[in-house]
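Note sheet for the following structure.
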Amino acid sequence: MPAIICTSIVMVTRKMRSRNQQLGCVLALRFLALILWGVLGARALDNGLARTPTMGWLHWERFMCNLDCQEEPDSCISEQLFMQMAELMVSDGWKDAGYEYVCIDDCWMAPQRDSEGRLQADPQRFPGGIRRLANYVHSKGLKLGIYADVGYKTCAGFPGSFGYYDIDAQTFADWGVDLLKFDGCHCDSIKHLADGYKYMSLALNRTGRSIVYSCEWPLYMWPFHKPNYTKIRQYCNHWRNYADIYDSWESVKNILDWTASNQEKIVNVAGPGGWNDPDMLVIGNFGLSWDQQITQMALWAIMAAPLLMSNDLRQISPQARTLLQDKDVIAINQDPLGKQGYRLRKDNNIEVWERPLSNSAWAVAMRNLREIGGPLSYMIRVSSLGRGVACNPGCFITQLLPMKTELGFYDWTSSLKTRINPTGTVLLRLQDRLYHKV
Ligand SMILES: *[C@@H]1O[C@H](CO)[C@@H](O)[C@H](O)[C@H]1NC(C)=O
Ligand SMILES: *[C@@H]1O[C@H](CO)[C@@H](O)[C@H](O)[C@H]1NC(C)=O
């Protein structure tokens, strides 16, 4: 594990007393650390896509499988929903902020394949068909995502792709689809699951069209045995590990707990071309308090997670929009080094997470786990952050969330004091002074 190797080397250097010698050694170590990370990074799916985590919008959490366009024309799964979201993504600054993929989830299909065995969109709800929707989305400078399932049926019971992988891949390519979310319901064996996910990856490749491949392979694999992430990364651009997100704090907490508990298995495998997917952003909906929305945004940035919002862009508070479009936080999520962050420590009431960034910068998130009382004061030695190199010999610290504030210069021996709201997070960016642009 590179984390352990690097930490122990840094601990050795702390015993060296000469400052100059220490700086030289630390710079050398920083280089060594990069090499170690690089060597251990597994080969990614070679389709040139998802070099940074995918950003966009996905209908599931907010709109689910609403088929009733008579009663609820504005929230049923129809071409109109996706066209409206595409329009707003351009007019309300989402596209400029980096959100690019407009993604359809389950329940877009007609109940039967056509006479040639091809999937077809429900003719009432998608009268123009998917190809025309793709053209519309492309005309806005955006990309279209679609959904299918590796098994006999989708999770909601629509036609599955088992036995039709080549036809379905070609259909999606013909329509001009840019991303496939491939679910794992109704698959009758672990072998079919693994073979199906692999086969579909190759089938998409054979179409010659660039299609981001979003898998749920490890999620459906975990009940049987530990997924081989090295292999999954060779076939998928991102992969879901854990249960669907709900619009609740309980759900966000469970995802974070699962991620931290499994970080030795999943963090190192993430990188350009392949990402762990903790599921959609539910910011802008009903279930999270303001501080909890900040926690989701901050931690999804630390986790190098795909940023797929599931909310109603027609009705979203200015506050939620500002958070989702925060350039500094998105820059952390999209950092070109592409290293996923991890939980550094957990005290009674506080969790500290950190993520290495390009140009020797680090992102640090401190969560207040308490769900009672007021803001909690927390003090941490900056020397304990960023594998001991982030603030050696010093660093500039900018608080990005909950509000952007320049905190100034901290030297190696100093401590940082923050106050964190219950269930909230303080997100920081630590920048090496050598690179600080002032
Ligand atoms: C298909 O895979 C090959 C190598 O495995 C890669 O060079 C090529 O770009 C891929 N094509 C697409 C469309 O993803
Ligand atoms: C995981 O998959 C990789 C790539 O296919 C393979 O080289 C490796 O042996 C596998 N590991 C295990 C434990 O099966």
Side-chain angles (χ1 to χ4, degrees), residues 2-3 6-7 10 26-41 44 50-55 97-98 259-260 263 266-276 278 294-295 297-307 326-345 351-367 380 382-401 404-410 412 416 418 425-438:
C6 295
T7 311
V10 168
V26 163
L27 289 173
L29 277 171
R30 189 171 283 170
F31 185 62
L32 179 63
L34 286 175
I35 292 176
L36 281 172
W37 279 106
V39 166
L40 293 166
R51 304 306 295 170
T52 61
T54 302
M55 292 178 67
T259 303
Q263 59 186 9
I266 65 169
V267 164
N268 285 332
V269 82
W275 311 97
N276 289 293
I294 287 171
T295 295
M297 192 69 188
L299 272 297
W300 263 236
I302 294 279
M303 293 188 293
L307 298 181
D326 189 309
K327 286 191 167 51
D328 298 307
V329 182
I330 290 173
I332 289 175
N333 176 273
Q334 297 283 300
D335 186 84
L337 187 61
K339 295 296 176 202
Q340 180 172 343
Y342 48 86
R343 187 172 69 188
L344 175 67
R345 58 197 272 185
E351 259 181 25
V352 181
W353 294 60
E354 62 180 21
R355 174 177 176 186
L357 304 173
S358 50
N359 294 330
S360 318
W362 287 77
V364 173
M366 301 179 188
R367 289 178 63 198
I380 189 165
V382 299
S383 57
S384 70
L385 297 171
R387 299 191 196 286
V389 297
C391 295
N392 188 343
C395 60
F396 285 89
I397 302 185
T398 309
Q399 177 185 295
L400 301 180
L401 292 174
K404 187 165 182 181
T405 320
E406 294 293 344
L407 300 182
F409 181 76
Y410 287 74
W412 165 254
L416 173 80
T418 50
T425 295
V426 168
L427 179 66
L428 307 171
R429 185 185 174 95
L430 279 48
Q431 187 75 59
D432 190 300
R433 71 156 147 200
L434 297 171
Y435 293 92
H436 193 68
K437 298 187 202 82
V438 169

Atom pair CD (Glu354) and OG (Ser384), whose distance is rounded to the nearest 0.5 Å: 8.0 Å
Short side-chain to backbone donor-acceptor contact, Trp275 and Gln340, under 3.5 Å: no
Stepwise side-chain contact (heavy atoms from CB on, under 4.5 Å) check, Asn392 with Asp432: CA-CA 8 Å; Asn392 188 343; Asp432 190 300; over 6 Å; no
Closest non-hydrogen atom pair, Leu307 against Trp300: CD2-CB, 4.0 Å
Interatomic spacing from CH2 in Trp362 to CG in Leu428 - rounded to 0.5 Å: 14.0 Å
side-chain contact (heavy atoms from CB on, under 4.5 Å) partner of Met297, chosen from Ile330, Leu400, Ile302, Thr425: Ile330
Salt bridge present between Asp328 and Lys404 (N-O < 4.0 angstrom): yes
Minimum-distance pair of heavy atoms, taken over all atoms of Trp353 and Arg343: CE3-N, 3.7 Å
side-chain contact (heavy atoms from CB on, under 4.5 Å) evaluation trace for Asn359 with Leu337: CA-CA 9 Å; Asn359 294 330; Leu337 187 61; over 6 Å; no
Euclidean distance, Ser360 OG relative to Leu430 CG, rounded to 0.5 Å: 11.5 Å
Approximate separation, where rounding is to 0.5 Å, of Gln399 CD and Leu416 CG: 9.0 Å
Separation of Met366 CE from Arg345 CZ (nearest 0.5 Å): 9.0 Å
Gap between atom CZ of Arg429 and atom OG1 of Thr398 - 0.5 Å precision: 8.0 Å
Any donor-acceptor pair under 3.5 Å from Asn333 side chain to Ala305 backbone: yes
Donor-acceptor contact below 3.5 Å, side chain Arg355 vs main chain Ala301: yes
